[in-house]
Amino acid sequence: MPELPEVEVTRRQIARVLVGRRIETVWVASPSYFFVTPPAQLKKVLLGRVVKELGRTGKYLHAELDDASSLVVHLGMTGQWSAAGLSRSDHIQFRLGLDSGTELVFRDVRKFGKVEWVRPGGSSARLARLGPDALEIGLGPFYERLQSRAIPMKSALLDQSILAGVGNIYADEALYQARIVPTRRARDVTRAEAATLLRAIRSILRASIRGGGSTINDYLQPDGELGGFQNWHKVYGKGGAPCPRCKTVLSRVVLGGRSTHFCARCQR
DNA sequence: CTGTACCCCTGCGAGC
DNA sequence: TGCTCGCAGGGGTACA
């Protein structure tokens with residue numbers, strides 16, 4: 001499931017073929033929950049545009065276009081970009097034919113992803129809701145945002161308005177590395193603990209980006225390669241297995257409706 | 001403010 | 001073999 005690292009890996013690979021190119025053909029699937037902007041309109045507004053820049057905030061990608069509009073894309077659970085010929089042909093949501101001859105394909109089996117066109121001078125409500133990006137936020141703002149909340153730390157890390165980009169996998173991994181139990185109330189975390197946690201978040205996200213992201217079920221890099229970071233997971237998906245630090249059997253609970261993995265002995 | 005249920009959607013594994 | 005069922009999950013919304 002794409003979180004910040006998978007989205008960043010995608011951004012880097014897609015940027016290489018997309019930035020500076022003109023969109024010459026657009027194919028769109030039928031209207032669905034996926035299309036925040038209706039597919040017919042999307043096709044019309046994208047045709048002929050040149051992509052100036054491809055940015056990322058949290059788990060969102062945003063392509064800045066030459067008419068000052070932008071295209072905002074969220075991968076959801078199963079969204080994936082790929083270069084021509086690499087993708088299966090089912091569940092494709094849209095295809096962009098570029099003036100370089102390259103075709104970019106966006107495929108999303110479950111359609112939990114989102115695509116939205118933002119008019120020149122406009123703004124996306126989805127992007128506006130996001131807190132600072134997890135790789136950008138400083139300790140001061142991070143700690144302050146935790147102090148006002150009584151929710152469990154796991155829920156705090158998943159709340160994209162507090163911090164954008166961390167999802168279920170990296171929340172569990174970061175809390176484990178920082179030795180903080182997922183059920184701890186955010187406001188009870190000390191500044192020192194917040195510092196340790198933020199360092200853990202940064203180091204894990206960066207390591208995952210270097211490894212090409214985590215592939216659990218669906219995620220593929222745009223070049224078709226699997227991610228590699230799943231092999232470095234310490235706790236995610238490992239309930240019942242021994243803790244790599246102390247050998248205690250790892251716990252799996254449901255917290256805030258999300259499966260949560262941790263060591264009840266190492267994490268306090 | 002917080003927690004919970006529910007919805008979007010599809011594939012997959014388990015049980016019969 | 002083939003059916004049904006429960007589960008997974010990012011994010012939004014409704015509601016207690």
Side-chain angles (χ1 to χ4, degrees), chain A residues 1-11 29-39 56-62 72-81 87-94 106-116 118 123-131 133-134 144-174 182-189 201 205 208 213-220 226-227 230 233 235-240 252-261:
Chain A
M1 38 233 84
E3 303 181 24
L4 186 153
E6 292 75 31
V7 178
E8 177 61 18
V9 169
T10 297
R11 187 193 70 77
S30 305
S32 73
Y33 202 76
F34 171 80
F35 289 97
V36 177
T37 299
R56 178 192 61 75
T57 304
K59 304 175 194 173
Y60 285 88
L61 290 175
H62 34 94
V72 176
V73 179
H74 193 288
L75 302 182
M77 290 285 301
T78 54
Q80 50 188 220
W81 285 93
S87 177
R88 287 173 53 165
S89 59
D90 52 345
H91 304 298
I92 289 175
Q93 304 304 322
F94 63 87
F106 188 89
R107 180 170 183 262
D108 187 355
V109 173
R110 296 190 189 174
K111 287 187 269 195
F112 278 12
K114 291 280 177 289
V115 62
E116 178 183 21
V118 180
S123 64
S124 162
R126 291 160 196 283
L127 286 184
R129 260 194 289 272
L130 298 179
D133 187 83
E144 267 177 38
R145 282 160 181 267
L146 297 179
Q147 283 309 289
S148 61
R149 306 299 297 271
I151 56 178
M153 273 308 300
K154 172 66 180 281
S155 304
L157 292 183
L158 292 184
D159 184 339
Q160 303 296 300
S161 70
I162 294 178
L163 176 78
V166 175
N168 211 30
I169 296 172
Y170 300 103
D172 282 4
E173 294 295 325
T183 49
R184 181 99 74 83
R185 285 181 185 276
R187 65 155 72 116
D188 294 338
V189 166
I201 290 170
L205 294 179
S208 182
S214 299
T215 296
I216 301 296
N217 292 314
D218 305 282
Y219 173 73
L220 289 179
L226 299 174
Q230 64 281 1
H233 294 172
V235 291
Y236 183 79
K238 298 190 189 298
R252 179 193 181 278
V253 299
V254 174
L255 214 175
R258 295 287 178 255
S259 64
T260 299
H261 315 77

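Sequence lines set the chain letters: A, B, ... in the order given, protein chains first and strands last, and positions in each chain run from 1.
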Nearest to the side chain of [X], which nucleotide is it out of [options]?
X	options	answer
Ala150(A)	dT2(B), dA8(C), dG10(C)	dT2(B)
Arg126(A)	dG3(B), dG12(C), dG11(B)	dG12(C)
Pro152(A)	dG3(B), dG11(C), dC9(B)	dG3(B)
Arg129(A)	dT13(C), dG10(C), dG9(C)	dT13(C)
Asn168(A)	dT2(B), dA8(C), dG10(C)	dG10(C)
His74(A)	dG3(B), dA8(C), dG11(C)	dG11(C)

Assess, by modelled atom type and distance only, whether the side chains of [X] and [Y] contain a donor and an acceptor separated by less than 3.5 Å.
X	Y	result
Glu116(A)	Thr37(A)	no
Lys154(A)	Thr260(A)	yes
Thr57(A)	Asp133(A)	no

Rounded off to whole Å, could you give me the [atom1]-to-[atom2] distance for the [X] and [N] pair?
X	N	atom1	atom2	answer
Met153(A)	dG3(B)	CE	P	13 Å
Phe112(A)	dC7(B)	CZ	C1'	8 Å
Tyr170(A)	dG10(C)	OH	P	12 Å
Leu130(A)	dG10(C)	CG	P	15 Å
Leu158(A)	dG12(C)	CG	P	13 Å
Leu127(A)	dG12(C)	CG	P	10 Å

If you look at every strand shown and take non-hydrogen atoms under 4.0 Å, does [X] touch a base, only sugar-phosphate, or nothing?
X	value
Ser155(A)	nothing
Arg149(A)	sugar-phosphate
Arg252(A)	sugar-phosphate

If the cut-off is 4.0 Å, is [X] near the phosphate of [N], judged by side-chain N/O to OP1 or OP2?
X	N	result
Lys114(A)	dC8(B)	no
Tyr236(A)	dA8(C)	no
Gln160(A)	dG11(C)	yes
His91(A)	dG11(B)	yes
Arg110(A)	dG11(B)	no

Stepwise side chain to side chain contact (heavy atoms under 4.5 Å, CB included) check, His74(A) with Lys59(A)
CA-CA 7 Å; His74(A) 193 288; Lys59(A) 304 175 194 173; 3.7 Å; yes

Could you say whether Asp90(A) or Tyr33(A) is positioned toward the 5' end of DNA chain B, judged by the nucleotide with the nearest heavy atom to each?
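By nearest-heavy-atom nucleotide position, the 5'-most residue is Tyr33(A).
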
Option from Arg149(A), Arg258(A), Arg145(A) for which salt bridge (charged side-chain N to carboxylate O under 4.0 Å, His left out) with Asp159(A) holds:
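The residue from Arg149(A), Arg258(A), Arg145(A) that satisfies salt bridge (charged side-chain N to carboxylate O under 4.0 Å, His left out) with Asp159(A) turns out to be Arg149(A).
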
